[in-house]
Amino acid sequence: MGFLITRGFIARGFTVGGYTAIELLGPGDLLQPWTRPEFEQSIAVKTEWTVVQRMRVAVLDQDFATRVSGWPEITAAIMRRVAWRTHWLLFQLAVSVLRRIDDRVVLVLWQFAGRWGRVTSSGVMLDLPLTHDLLAATVGARRPSVRAAVRRLVEGGYVRPLPRSRWLLLGEPPRDLDASEVARSA
């Protein structure tokens with residue numbers, strides 16, 4: 001069946017035409033790194049997995065399926081996780097086509113914060129190593145553009161970079177997803 005990530009993070013990168021897009025997977029996500037489409041793709045795609053933070057996974061194999069077969073709610077929860085991952089990927093795709101890189105970065109950081117962040121008295125802490133390179137590949141931009149966007153977001157009081165590529169999100173998440181307004185003042 002696959003793996004359930006219980007701790008840590010992995011990035012799945014797809015490279016097409018020299019551009020790489022990354023999906024970040026973390027606690028609660030399901031994956032099958034060996035799975036390929038059943039059909040032959042007409043466009044060459046390079047897939048690469050990179051461990052971002054040391055991981056622990058639960059193996060969901062045939063023995064697991066047999067043991068939980070008497071509890072259909074477990075299978076339903078697994079299917080819900082698969083559906084959520086589709087939702088998160090669609091959100092990331094929508095964000096990647098926004099015009100302003102500032103908007104892309106702040107929305108993806110808040111998406112990650114909603115999934116894996118920890119609320120502190122100072123803001124929402126993202127205790128995972130999100131380098132500028134990783135953020136760039138996540139939002140569909142180049143590293144120099146992301147560095148400039150992060151600088152504007154820091155100056156605008158939206159985020160604070162922390163040591164080891166960690167992040168503190170300040171204020172509230174954007175409520176109006178008309179992203180043209182998200183970081184306009186940044």
Side-chain angles (χ1 to χ4, degrees), residues 1-16 19-37 45-65 67-68 74-75 77-93 95-96 104-144 146-147 149-150 153-154 158-170 173:
M1 283 177 58
F3 301 116
L4 171 68
I5 300 172
T6 61
R7 186 177 67 197
F9 295 89
I10 192 167
R12 180 175 69 157
F14 285 96
T15 303
V16 178
Y19 292 91
T20 301
I22 286 186
E23 172 191 20
L24 187 63
L25 299 151
D29 285 327
L30 296 161
L31 66 145
Q32 290 181 318
W34 55 85
T35 302
R36 299 276 186 243
V45 176
K46 178 183 171 192
T47 304
E48 189 171 274
W49 294 87
T50 305
V51 174
V52 175
Q53 186 178 62
R54 189 176 173 153
M55 296 175 47
R56 177 174 287 166
V57 298
V59 178
L60 307 181
D61 58 7
Q62 186 63 43
D63 289 339
F64 168 82
R67 287 191 309 271
V68 301
I74 293 175
T75 303
I78 291 169
M79 294 305 296
R80 213 170 18 258
R81 286 283 174 183
V82 171
W84 289 346
R85 184 165 168 202
T86 301
H87 171 80
W88 292 321
L89 279 171
L90 188 55
F91 176 86
Q92 188 172 326
L93 176 63
V95 166
S96 73
R104 296 183 203 179
V105 170
V106 77
L107 287 171
V108 164
L109 286 174
W110 276 109
Q111 179 199 29
F112 293 161
R115 294 177 68 190
W116 305 305
R118 181 175 42 89
V119 177
T120 70
S121 60
S122 302
V124 180
M125 165 71 96
L126 274 175
D127 191 20
L128 58 131
L130 289 172
T131 64
H132 288 139
D133 286 330
L134 185 56
L135 273 174
T138 302
V139 302
R142 297 291 191 189
R143 184 173 185 250
V146 167
R147 286 182 60 86
V150 166
L153 291 169
V154 168
Y158 288 93
V159 299
R160 184 180 314 145
L162 300 173
R164 299 175 330 199
S165 299
R166 276 31 181 203
W167 299 88
L168 184 66
L169 281 67
L170 307 170

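The basis for the numbers below is simple: all heavy atoms, side chains too, and nothing from hydrogens, waters or symmetry mates. Fair warning: this is a prediction, and the values are worked out from it, not measured in the lab.
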- Kindly say whether Thr138 contributes a backbone atom to a donor-acceptor pair with the side chain of Gln92 at under 3.5 angstrom? yes

- Item | Minimum heavy-atom distance Thr47-Arg12, with the two atoms named | CG2-CG, 4.2 Å

- Phe64 versus Val59, closest heavy-atom pair with distance: CB-O, 4.2 Å

- Taking everything shown except Arg115 itself, do over 12 heavy atoms lie less than 6.0 Å from its CZ? yes

- Item | Residue Arg56 excluded, over 12 heavy atoms near CZ under 6.0 Å | no

- For Leu109, does its backbone N or O pair with a side-chain atom of Trp167 as donor and acceptor, under 3.5 Å? no

- Note on the structure: Between Trp116 and Gly26, the two heavy atoms sitting closest are CZ2-N, 3.4 Å

- Message: Checking Thr20 against Glu48 for the side-chain contact (heavy atoms from CB on, under 4.5 Å) test, could you report, in this order, the C-alpha distance in whole Å, the side-chain angles of both residues, the deciding distance, and whether it holds?
- Response: CA-CA 10 Å; Thr20 301; Glu48 189 171 274; over 6 Å; no

- Smallest separation among heavy atoms of Arg104 and Gly140, with atom names: NH1-O, 2.7 Å

- Query: Under the criterion side-chain contact (heavy atoms from CB on, under 4.5 Å), which of Leu30, Asp29, Val57 is the partner of Leu4?
  - Reply: Leu30

- Query: Any idea which heavy atoms bring Ser165 and Thr131 closest together, and the distance?
  - Reply: OG-CG2, 3.6 Å

- Note on the structure: For Pro27 and Gly8 the tightest heavy-atom approach is CD-O, 3.3 Å

- Message: Within the structure provided, determine whether Arg147 and Arg143 are in side-chain contact (heavy-atom separation under 4.5 Å).
- Response: yes

